[in-house]
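Below you'll find the structure, written out as structure tokens, and then a few comments.
Remember, it's a predicted structure, so these values are computed and weren't measured experimentally.
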Amino acid sequence: MAGNYYRINNAMACAGCAEKMRGALATDTHSAYMRALLYGIGAAIAGMILYAVFEIATGLIIGYVSLAVGWMVGTAMMKGSNGVGGRRYQITAVLLTYAAVSMAAVPVWIHYGNKHRQQQEQIQRQQTQGQQTQQQLEEEQRQLEAESGRQPSRPAPRPVQPRMSFGAWLARAALIGLASPFLEVLGGGITFGWLIGLVILFVGMKIAAKLTGGRPLEIYGPFNESPQPSAMSLK
């Protein structure tokens, strides 16, 4: 390569190639970040579903799924930004990865909660006959009290509990889900399995941050002197 030349990430290039690379450089704009954010949210939701479905289907809690979630979020964000990365992309990717893995506990809890409720309903159906017998006895007692001229006793009214709105329930579920990686410590203390899961989650977040760090492209030059020919080119 005679005449002026450039170096692109320590690779030699001509002036025309360097100019093309400058033109192909993607710039960090608000629209690029918003696209990356939307793509990242979509990947985080998909990762959360993957994590929850795997745990529900197998009954196993395997933290290695966090690595896949981090890769999904980071790759999707870079796809949305057309290769633009940086500090705010990394922070967003880390937060989305953590949110996806921690919030996966919510659908798992809902699944096991519904399963437990079905079991309770079955037990209640089995106890219905006994409750009906007790109600009949109470009714007969009230009739006897009325015939004897005494004021029939009435059962104490049950307090009516206010129903939680969907918005309040959703906010509460989100807060509990985000705190789920640390709720196990409050319930059973620090365990080796919990520490391993936390480390794997951290590695998954690190993968997402590394992928969204951007693709550095450094162009140096022009250099006026032609490089010295190598020994291979002289043969």
Ile196 side, atom CD1; Leu201 side, atom CG - distance, nearest 0.5 Å: 12.5 Å
Val101 versus Ser66, closest heavy-atom pair with distance: CG1-OG, 3.6 Å
Closest non-hydrogen atom pair between Ala209 and Val94, with its separation: CB-CG2, 3.8 Å
Heavy-atom neighbours of Arg87 CZ exceed 12 at 6.0 Å: no
Co-membership, hydrophobic cluster, residues Met103 and Leu95, 4.5 Å side-chain: no
Leu37 side chain reached by Met34 side chain, heavy atoms, under 4.5 Å: yes
Test item: Leu50 and Met72 side chains (from C-beta on) under 4.5 Å apart, heavy atoms: yes
Polar side-chain atom of Ser180 near backbone of Ser102 as donor-acceptor pair, under 3.5 Å: yes
Considering all heavy atoms, the nearest Ser81-Tyr89 contact: CB-CE2, 3.9 Å
Cluster link Tyr98 to Phe202, ILVMFWY, side chain under 4.5 Å: no
Same cluster (ILVMFWY, side-chain, under 4.5 Å), Ile207 and Leu198: yes
Same apolar cluster: Val53 and Val65, side chain cutoff 4.5 Å: yes
Rounded distance (nearest 0.5 Å) linking atom CG of Asn82 with atom CZ of Arg35: 5.0 Å
Val73 with Ile91, same ILVMFWY side-chain cluster at under 4.5 Å: no
Residues, nucleotides or ligands: over 12 heavy atoms within 6.0 Å of Tyr33 OH: yes
Nearest atoms (heavy-atom pairs only) where Ile41 meets Leu96: N-CD1, 3.8 Å
Ile200 CD1 to Met205 CE distance, which is reported to the nearest 0.5 Å: 14.0 Å
Closest heavy-atom pair and its distance - Ile176, Trp109: CG2-CZ3, 3.0 Å
Closest non-hydrogen atom pair, Gln90 against Thr212: CA-OG1, 3.2 Å
